[in-house]
Structure formats: C-alpha cells, structure tokens
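So that the names make sense, note that chain A is the first sequence line, chain B the second, and so on, each numbered from 1. It should be emphasised that the depicted structure is a prediction, and the values quoted were computed from it without experimental measurement.
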There are 4 protein chains.
Amino acid sequence: MRREKPKFKQIIDAAVVVIAEHGYHQAQVSKIAKQAGVADGTIYLYFKNKEDILISLFQEKMGAFIEKIEQETEGISSPLEKLYVLVKTHFSALAADPHMAVVTQLELRQSNKELRHRINEVLKGYLRLIDRIIMEGMEKGEFRQDLDVRLTRQMIFGTLDETVTTWVMNEQKYDLAALADPVYELLVKGCAAGR
Amino acid sequence: MRREKPKFKQIIDAAVVVIAEHGYHQAQVSKIAKQAGVADGTIYLYFKNKEDILISLFQEKMGAFIEKIEQETEGISSPLEKLYVLVKTHFSALAADPHMAVVTQLELRQSNKELRHRINEVLKGYLRLIDRIIMEGMEKGEFRQDLDVRLTRQMIFGTLDETVTTWVMNEQKYDLAALADPVYELLVKGCAAGR
Amino acid sequence: MRREKPKFKQIIDAAVVVIAEHGYHQAQVSKIAKQAGVADGTIYLYFKNKEDILISLFQEKMGAFIEKIEQETEGISSPLEKLYVLVKTHFSALAADPHMAVVTQLELRQSNKELRHRINEVLKGYLRLIDRIIMEGMEKGEFRQDLDVRLTRQMIFGTLDETVTTWVMNEQKYDLAALADPVYELLVKGCAAGR
Amino acid sequence: MRREKPKFKQIIDAAVVVIAEHGYHQAQVSKIAKQAGVADGTIYLYFKNKEDILISLFQEKMGAFIEKIEQETEGISSPLEKLYVLVKTHFSALAADPHMAVVTQLELRQSNKELRHRINEVLKGYLRLIDRIIMEGMEKGEFRQDLDVRLTRQMIFGTLDETVTTWVMNEQKYDLAALADPVYELLVKGCAAGR
DNA sequence: CATGAATGAGTATTCATTCAT
DNA sequence: AATGAATGAATACTCATTCAT
C-alpha cells in the first residue's frame, strides 16, 4: 500500500508546506521534491503526476478531517448536538492547521476544473455526513419536516466554508473556533426574529 | 471613458464566452481577440494586460449585478422582503446568463491570488448591500437582535454561492430560480423545528 | 524638396531628442511623433519608414558636420594645420551638441547591420576628407612619404572616434575640446620618443 | 564550475556561429540551441537568460584573447616590441577566427546599452594591458615622456579597432595580419615627416 | 495634408515529465 | 529504489505600418 510508505506522506506534507508558503501556481514539482528531501524523479515513483499529488493530498487530509468529525459525532444521539459538534470540529480543525486552511480554502481552488471535480468527489463524503445528520434530525423531529436536504446541506456547508474562507483571507487574525456557537445558532434558528 | 467604447464591451463579452467554453486556463488572449472579431493588438488598446480584461469583466458584470439587485430592493420597506428579492434576483440573474454563471462560479476562481483579491474588492459592494439589509432588519425588529452582522452575511452569501456553484457543477440541470423560496425560508427560519 | 519642409526637420530633431533621452531601442515611432507634435501617420508622409528617419537624421547632421569641417579647413594651406583644425572641430562640434554625441557614438551603433552600412555610406564623405588631407600632406612633404592612406585615415578616425566615445561613456565629465592639442600631437608624432 | 562543463562551451560556440551567420537580431535562443544540438530548455540550465549567453561569450573569448596577448608579450623587455607583438597578435587572432571577428566588431555592438556596459567591463582588462605597456615605455624612455596615458591608449585601441572593423566590413578580403607592421609604425612614429 | 485606431507577426522562458545511470 | 540532467511545448505583448476619414 503506497499510502503507508514513509515517502508518500513525506511528499504530501512537503506539498502542503510549499503550497501554503508559495501559493498554488508557485508550487513546482521540483520545489516540493526539495522540501521533501528527495529527487524530482522520486516523486514519480509514488505519484502518477503532479495532479495526483494534489488529489492524494486532499484525500489524505480531508479523509482524516471527515474521520475526525465522524468520531466526534458518533456517540451523540441528538442531531442538533451532532450539528453543533460538526461546526465546532470543522472550525477548530482548520484553526489548528493554518497551512492546511490556506491550502484548502484558497490555493487548491486555483486548480483546474478537472482537479476540482476530483476534489469534489472527496468532499462528497463530508456532504453525505451532513446529509445524514439532516435526515436524522428530520426523523427525530429536531429539524423542520419540510426541509430540502440538499438545500439545507448547501446552507450548512456554504456557511461554514464562507466563514473559514473569510477568516483565512483576513489572515486568520481572529479566533475561528469561537465562532462555532453563533454560527450554529444562525444555522439552527435563521436570522429572523422569533414569533 | 473607455467603458463606453463599443470595443470595450465587445472584448469583455468575448472573454466571457471564451472562458465559459474553454475554461480559464485555455482562454488565450488570441482566442478572445478572435471571438471579439478584433486583432490581438487591439485588445491592448483597451486593456493594460490580460489580467485587466478579467478584472474589468468582473467589475462590469458584477457591477451590473449589484445595481440590478439594488434597484429591485430599493422601493421595498420590509428587510425580510428585501432579502427575499435579493435571493430571487441573485438566482434568476445567474440562471439567465449561464455563461456568466460558469465564469463567476468556477473559472474565475482559478485565477491567482492577486486577481482574486481584486475581485474581492468588487464583491465587497455586494456584501455591504447584504450587511445593510441585515442591519435594517435588526433595527426594524424583523431580524433577531443578537445577530452578528458579519456572520449572518457570511451565512447568506455562503449559502447563495454554494447553491449556485452546485447548480453549475450539475450542469445547470434544474431550475435555479425555483430554489429561491425554500432557500429564503432556510435563511430566515434556520433548519430547526419551531417550538 | 522634402528636406526643406519644416516638418522634416521637426521630426528629425524630435528623433535626436527621443533617442538621446530614451535610447535607440526605446525610440518608438509614436514617441518621436509625440515629441515632434505630429500624428504617427504624418511621419510616413515625410519618411519611407523608421529606418529612413535614422538615415536622414544621420545624413542631415553628419552632412552639416562635414560641411563645417570643410569650411574650417578650406582656406588653410598646410595639411598639418588642416589636420589640427579637423581634430579641433570634430571635438568641439560634438562637445557643443551632447544629445547628438550620445546618438552618434552610442545609440545609433545599436542599429542593425543594414542601417550601419547605410550610415557608413554617409561617413565616407568624412573619410574622403581625411584622405585628401593625408594625400596633400604627403605631396607637400609634411607627412611621411611611405604612409598607407587607408591605414593612416583609420588611425586618425579611429583615434578621434574612440576618444569621443570614451568621453560620452564617461558621461561627458571632462572638457573634450581641450583634448584636441594632445591628440593632434599624438597622431602627428606617434608615441615613441624622438631620436 | 559551469565554465568547465562541456555544454557550456558547446552553447557559447553555437552562439558565435549563429550570430556571425544570422546577425545579432536573428540569433534566437532556439536557433542557438539547435546549432548546439541541445533542447531550448537546456540553455537555461547553463545560462540565466539570453543576455547571459552573450556576456559569457564575450568574457570567455575576450578573456582568452587578453590572456594570449599577455603570454606573447610577457617575456619581452622592450615596450616598443611589446606594442608590436600586441598589434600583431590582435590582428592575427581575429584573422584566425573570422566568425568571432564579425561577432565582436559588428554584431555584439548592436546589443543594448546595459549589455554593452557589461562588455566594456571585460574590455577594461585589455585597456589596462595597453596602459601598462605605455607606462613602461615612458619609464624606460622608449616612449615620449609627455604622453597622456589615456589618450595614447585610446589612439592605440581606436586604431586597431577601426582597422579590424573596416577589414570585417570589407568582408575580410585582404590579409589583416599583414597590416601589423605599417600600423605599428604609424602608432609609433605618427604621420608627420621626420625632421 | 493630417490623423490615429487598428493591425498581426514574432520570441524568450518555464516546468512537468522522462530515462539512462 | 533513487537520481537529476535533459527535454520541448506553449503564450502574452510590442510596435512599425496602414488607410478610412
């Protein structure tokens, strides 16, 4: 299994650092190789091509991200609480890894359409997780019955994503994790005044 | 005023078509010139460089977009209704211009960080418009009093943006404008069941 | 006669200024037109093409230069004295027109081989003048009898040219005209100690 | 040391041939690469950019030229004889390498001002060598005591340079080396008849 | 005569990928 | 397995010249 070989991780980690520091368009293969401490050619013993590095990077990191959120929400029975933990974990995981935040929110989005479609494949795992929470919430009566699952998931993911992106573009100046509570409340109650 | 010269618009429209059809990275200057029916060199009589075409494109189109939404919401006194019209207009404007939708949601995001920052400057006008609706809503008691304006705006914009992007990535297969009502309701009421 | 039309001179003078200030490779036709206060297209009513401007420039200025030296040396009977006046006039004419000095010594030499050959045609008038002084000097016994005219002329012109070029490259910091006496003596006596 | 790698010399030699045959402005990088038998990109493993090829070319060739003249004049005690050997070697070295003669006398002078200044830096080594001969000649009493070293050097270099350039522009039709004797005599004795 | 908007040919340089060692 | 020298395709921009007004 290539994912277990030490150089596989070594190269992916190097890619994250190089992209975060130099930006997507300045992340040449040779720069990644240098950062990883291997020869340019060695990259191609572990990855099919440059795109494959980026896809693998996203798979590895996003996979861990999803797994973490799944673990955190696993034992929880209340869908609303699950949603809260998801928001909290989403924010704190990215706040804890500033390099990764820059890479996922800004740099990787500069990739071409094909790569972005591949990335979306990976993202789907996360979106399905959100979908499951929504459906469970509707079943258990904690969420409104008339929700459109896809639209609700788009609201949740869109809000989280926009919040993190704004935070990254503001150079991560404020405490992202602290936004979990008000954002959760917004998603749950909406913006209108209650009756 | 260069913006009023016919070739200025002609070239920008050509750029939209070329980028939508061939993608950002395949939108060579010569391809845009050909589509516009002018010589390569003519481009440079109206634009400083390639990046300037893209920035101008975004300014022109986004400017018209914002202006349209401002006009539509102008006479309305209820902030909630303003929000509804904003959602509706946002969706229908992009649904009415599929090329532009592809360009703004997918292609232009591949641009480098500098261009994206310039684009964000233009976007700010739109975000400020949303902010004003939120503040007015709080003042008039239609929105909750404890809202964080920035977070609320990020929810609204993030949700709209994610919804449009998903629609574009699904090849605009369904009716985007029809989503205005449920999305509006989601934003206003949130996803939780009422008490 | 085009040479007598005011715009002809106007454009040539503009070319000298532009080339001296911006350098040969930055002396675009449009810049010369602007400096001359005419439209780009007007240039082509007076000159066949850009090269023609430069050739005409050289002909006009070099023609006046040669004429001046011919006039100064005309009444003089002694070839040695003629040579002295030539050296003196060569230096003082260029010292009096710093723009022109930069143009002839540095900028115009960046032109392509063909233009340089055309320029050499013009220069030949000057070289023939030097030749005549040498031959007269040999006839009148003031110059050595065994001189090779071409080589002697190359020594004279090469020395003057190198001296002016060095002066221009040193930013015309010292008094060029003051070098006429020692340079003349060098050309006449050579560098060896007399017997 | 890049100068010792075979491809470094290979590319420089190719540049000399291409420039001599096609002229400075027609010496595209791809043409040089083809002549050198390498890929375009390989050029940039050995040279920073195109200008660097030309500067290196001049440094390599002019360096060898100066070294050769230094070696030839080394053991000689008489400054006059040193001057003779310098003239002789200058002419015969350029006569032996017609390509290089075209490149140094005609083509490289078309380069822009910056490159020409870099080239002059290299030339200074040669001018200093001439200066040393002049000063030694004055000390040993073989040269006149009242010489201005700079002017004398300008006469010597200017004469040699003009002689070679004329020879190149006449398509190297006559025997340049044979001119060493009369040119030397001119430089030493001047053109005036002895007393 | 004069204008100036429009033309379009031409070129240095980068970098993902290969393959002989 | 690992290396790194070599490859070569691909593209924005300038500016001399024209010609309809």
Between [atom2] of [N] and [atom1] of [X], the distance in whole Å:
X	N	atom1	atom2	result
D/Asp52	E/dT13	CG	P	10 Å
D/Leu115	E/dA12	CG	C1'	15 Å
B/Phe8	E/dA5	CZ	C1'	17 Å
D/Phe47	E/dT14	CZ	P	15 Å
C/Ile11	E/dC1	CD1	P	12 Å

For the side chain of [X], starting at C-beta, report the closest nucleotide among [options].
X	options	answer
B/Val38	E/dT7, F/dA2, E/dT13	E/dT7
A/Tyr46	F/dA2, E/dC1, E/dA5	F/dA2
D/Asp40	E/dG4, F/dA9, F/dC13	F/dA9
D/Leu45	F/dA5, F/dA12, F/dT3	F/dA5
B/Ala39	E/dT7, E/dA2, F/dA16	E/dT7
B/Tyr44	F/dA1, F/dC13, E/dT17	F/dC13
B/Lys50	E/dT13, F/dC13, E/dT3	F/dC13

Just wondering, are more than 12 heavy atoms of other shown residues or ligands nearer than 6.0 Å to NZ in B/Lys50? yes

State, without any angle test, whether B/Lys31 and B/Gln28 hold a side-chain donor-acceptor pair at a distance under 3.5 Å.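 The criterion, which ignores hydrogens and geometry beyond distance, is satisfied for B/Gln28 and B/Lys31.
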
Side chains of A/Asp13 and A/Gln35, donor plus acceptor under 3.5 Å: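 Side chains of A/Asp13 and A/Gln35: no pair found under 3.5 Å.
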
May I ask you to verify if any side-chain N or O of B/Lys7 is less than 4.0 angstrom from the OP1 or OP2 atom of E/dA6? yes

When you measure from the side chain of A/Gln110 to the backbone of A/Tyr24, do you find a donor-acceptor pair of N or O atoms at a distance under 3.5 Å? no

Quick one: does any side-chain atom of B/Glu107 pair with a main-chain N or O of B/Gly23 as donor and acceptor, under 3.5 Å? no

Whole-angstrom distance between F/dT21 and E/dC1, as gauged at atom C1': 13 Å

Tell me which of B/Glu51 and D/Ile43 sits closer to the 5' end of DNA chain F, going by the nucleotide each one is nearest to.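 Checking each residue's closest nucleotide, the 5'-ward one belongs to D/Ile43.
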
Does the plane of the ring in A/Phe65 sit parallel, tilted or perpendicular to the ring in A/Tyr126? Use 30° and 60° as the thresholds.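 Perpendicular: the ring planes of A/Phe65 and A/Tyr126 meet at over 60°.
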
Salt-bridge test for C/Asp52 and C/Arg118: reply yes if a basic N is under 4.0 Å from a carboxylate O, no otherwise. no

C/Lys124/C/Glu121 ion pair, N-O < 4.0 Å: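 Salt bridge present between C/Lys124 and C/Glu121.
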
Looking at CE of B/Met100 and CG of B/Leu94, how far apart are the two atoms once the value is rounded to the nearest 0.5 Å? 8.0 Å

Nearest 0.5 angstrom please: B/Leu108 CG to B/Met62 CE, how far? 11.5 Å

Categorize A/Lys48 for me: base, sugar-phosphate, or nothing, with a 4.0 angstrom heavy-atom threshold over every strand shown. nothing

Dot-bracket for DNA chain E: what is it, with Watson-Crick or G-U pairs under 3.5 Å, [ ] where a pair crosses earlier ones, and | for a pair to another strand? .||||||||||||||||||||

May I ask you to list the residues of residues 23-34 of chain C, by number, that have any heavy atom positioned under 4.0 Å from an atom of DNA chain F? C/Gln28, C/Val29

